[in-house]
Amino acid sequence: MKPFLKIAIPLFFANIFFARAQISGGEFSLGVPDAFAGVWERDDRFVMFAESDGFLESRVQKILSSADASDEEKNAARNRRKYISILLKTFYGWYLDRTAEPASFSSEPRILNDSTCPEAERIRVEFRPILRGADSTSVAQGDASAWEIFIYYSGVREAAIIPLAIIGGNLYLNFAIKLGDADGSNLEGGGVENSSDALLGFWCSLVPTEGVKVSIPTSGENIYSIYITRDAVYTIRYWKTEMEYTQEAAFFSDGGKTFSVVKHIQSGGKNFTCTNGRSVTIRNIQKSRSRPEVYELDSSATICGLGEPYLKRVQDENGVQVVAALVREAMSKKAPNPDPPFPPSDLDFHMDEIYRLEEGNLIIQSLRERNKNFGKLSQE
C-alpha cells in the first residue's frame, strides 16, 4: 500500500468549504497525537494507543530527515513507535487479557491461562488527521478532530483504514462532517432563515467500520450522508465504485428546491459515488422528518458524532504501568456467588409426615437402601 492515500475530505476543499473548519495537511503523525492519549473503554475492552519506549523520537527524526535513508527505512522508523494496546474483558469481564501491546510492555509480566496466547499481538498504527476545529492550534485532548488511522496487522501487507472522530472524551466510528460555507450558501441554494439551527446543512459521513479490534475489522459497503433542512431530512446513499474520483457536485430536487452535494466520497481507501456513470443527478433519495436523536456536536458544529460513542476516555495516562494497574484491579475483584437455581421458598414439607407415609412402602424403602449403599461405595 502506498504510504499516502488520497483522502476525500481535503480534496473537497477545492470546491466546497468546510464551515468554520481548517483542513489539515494530511501528514502522518510521528508519535501518538495528544487527542488519543490515555485509556479508552467500552463494555468489552480497554484500548490504548501507546508508544514503544525502545525507539527515541530523535532517532525517528534523524532517519526521516536523512537523504540517504530509503522510503522503506523511513516508513519503518515512522511506524515503529506507535502500537495499539488492547485489553479484552474476557470471562464476563472478570479477567483482562492483554491481547495486543508493544514489545516494550513485556517488562511487566503478563498473566497467562489456557485461554490466552503466550505472546501478545503486535499491531502497529498510523494517525493521519482529516479535520480539526479552527480554534485549535494543536490536536490536544480538548479539541474535536477527525482522523483516519491505518492499522497494520501481523502478516497482512495492506493496512486497515478506520475513520474516526474525537469529540471531547468520546471516540466515534459513526460520525459526519458538515460541508458548506459559513453563511449557508450551500443550503437550499441560498441563505438559511434559522441559522441558529446547528444541524441544518449537508453532513458528509465516512465509511462505517466495525471497530478497533485484534482481528481485521470489516467496513460497510455503503455510506449514508444526510442533508437536513428546516422541514425535511434527506438521506443520500453512496456506494463503492471503480470510477475515477472527481470533485464534481451532484444534485437532487424536491419540488421547486434544488440541493447540491459532493458526487464522490473517498474514505477508507475506497471511492464512493451517489450517481451512476457520468450523471450528476441523484435519484436514490429517501425523505423523512427524522433527525438524529442521539448525537454530539463539537463547539463549531462542524463534526457530529452520531449515536453512542464507540469508546470513552477513562484515563489521561498511558503506558505499561497503567495496563498493569488495570489488570491488578480486575484480578483483585471476586465474582459474586451465582444465583441459586431455584428461588428461596418458605414451604414446610413436614418431613415427619413424609416418613410416616413411607412406612410399609417396599418400593420407596428399597430405593432409599440403594441410595445409602451407593453413598458408601462412593466413599471407598
Side-chain angles (χ1 to χ4, degrees), residues 1 3 5 27-42 44-61 63-64 72-90 96-112 116-129 139 141 145 147-164 166 171 173 209-217 310-327:
M1 172 174 289
L5 298 180
E27 295 293 333
F28 283 104
S29 173
L30 290 177
V32 175
D34 290 340
F36 290 87
V39 180
W40 302 80
E41 183 183 12
R42 57 177 283 132
D44 64 345
R45 70 193 59 213
F46 288 100
V47 176
M48 178 190 297
F49 302 93
E51 297 186 10
S52 174
D53 298 330
F55 201 72
L56 298 177
E57 181 70 24
S58 58
R59 176 62 176 157
V60 175
Q61 294 284 8
I63 294 177
L64 293 179
E72 184 177 352
E73 290 173 331
K74 291 181 179 181
N75 289 336
R78 186 175 60 242
N79 294 327
R80 186 170 178 179
R81 296 194 67 220
K82 300 178 290 297
Y83 293 86
I84 293 178
S85 177
I86 298 177
L87 289 80
L88 296 178
K89 300 178 182 179
T90 56
L96 288 186
D97 180 11
R98 290 165 54 182
T99 311
E101 60 189 19
S104 61
F105 279 24
S106 60
S107 59
E108 186 75 29
R110 295 169 64 230
I111 299 176
L112 302 177
T116 61
C117 295
E119 294 292 334
E121 294 285 337
R122 313 297 184 201
I123 303 176
R124 296 187 292 109
V125 61
E126 280 279 81
F127 304 87
R128 186 173 182 181
V139 187
Q141 285 191 10
S145 51
W147 302 77
E148 281 192 332
I149 61 173
F150 292 64
I151 301 181
Y152 297 86
Y153 293 91
S154 300
V156 181
R157 293 186 60 184
E158 293 192 354
I161 306 175
I162 301 179
L164 54 84
I166 296 176
L171 186 152
L173 296 180
T209 310
E210 189 179 14
V212 181
K213 305 177 62 180
V214 180
S215 58
I216 300 176
Y310 175 70
L311 294 169
K312 294 184 177 182
R313 184 187 281 112
V314 294
Q315 289 194 32
D316 292 335
E317 301 294 328
N318 61 9
V320 63
Q321 295 82 8
V322 176
V323 169
L326 288 172
V327 173

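Just so you know, these numbers use all the heavy atoms, side chains as well, and skip hydrogens, waters and symmetry mates. Predicted model, so just to flag it, every value in this text is computed and none were measured.
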Under the side chain to side chain contact (heavy atoms under 4.5 Å, CB included) criterion, do K312 and R42 qualify, and how do the steps go?
-> CA-CA 7 Å; K312 294 184 177 182; R42 57 177 283 132; over 6 Å; no
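- With Y152 as the aromatic partner, R124 meets the cation-pi criteria of under 6.0 angstrom to the ring centre and within 45 degrees of the ring axis.
- Taking R45 as the reference, nothing meets the side chain to side chain donor-acceptor pair (under 3.5 Å) condition, with sequence neighbours excluded.
- Taking 4.5 Å as the limit, some side-chain heavy atom of F46 sits within range of a side-chain heavy atom of L96.
- Here the straight-line distance linking atom CG of L311 with atom CD of E41 works out to 9.0 Å at 0.5 Å rounding.
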Could you walk me through whether M48 and V322 pass the side chain to side chain contact (heavy atoms under 4.5 Å, CB included) test, one step at a time?
-> CA-CA 10 Å; M48 178 190 297; V322 176; 4.1 Å; yes
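- The minimum heavy-atom distance between P217 and I162, with the atom names listed, is CG-CD1, 3.9 Å.
- The distance from atom CG of L173 to atom CD of E210, rounded to the nearest 0.5 Å, is 10.0 Å.
- Atom CG in L88 sits 10.0 Å away from atom NZ in K213 (nearest 0.5 Å).
- Residues forming a side chain to side chain contact (heavy atoms under 4.5 Å, CB included) with T116 (at least two apart in sequence, or on another chain): Y95, D97, L112, N113.
- Closest approach of Y83 and P102 over heavy atoms only: CB-CG, 3.6 Å.
- Side-chain contact check for S107 versus V320: some heavy-atom pair is nearer than 4.5 Å.
- Proximity of P163 to W147: side-chain heavy atoms (C-beta onward) are nowhere separated by under 4.5 Å.
- Minimum heavy-atom separation, V323 to S85: CG2-OG, 4.0 Å.
- Take E121 and apply the side chain to side chain donor-acceptor pair (under 3.5 Å) test, not counting sequence neighbours, and it matches no residue.
- The distance from the CD1 atom of I216 to the CD atom of E158 is 10.0 Å, given to the nearest 0.5 Å.
- To the nearest 0.5 Å, atom SG of residue C117 and atom CZ of residue R98 are 13.5 Å apart.
- Of all non-hydrogen atoms in A50 and F105, the two that sit nearest each other are CB-CZ, 3.8 Å.
- F127 meets the ring-ring contact (aromatic ring centres under 6.0 Å, His included) test with F36, F49; sequence neighbours excluded.
- Checked against side chain to side chain contact (heavy atoms under 4.5 Å, CB included), Q321 has no partners two or more places apart in sequence or in another chain.
- R128 places no side-chain N or O within donor-acceptor distance of the main-chain N or O of I149, the cut-off being under 3.5 Å.
- Here the straight-line distance linking atom CG of L171 with atom OH of Y310 works out to 8.5 Å at 0.5 Å rounding.
- Of all the heavy atoms in A100 and I123, the pair that sits closest is CB-CD1, 3.9 Å.
- When atom types are taken as modelled, the side chain of R122 and the backbone of E101 share a donor-acceptor pair closer than 3.5 angstrom.
- Under the 4.5 Å side-chain criterion, counting only non-hydrogen atoms from C-beta, Q315 is in contact with L326.
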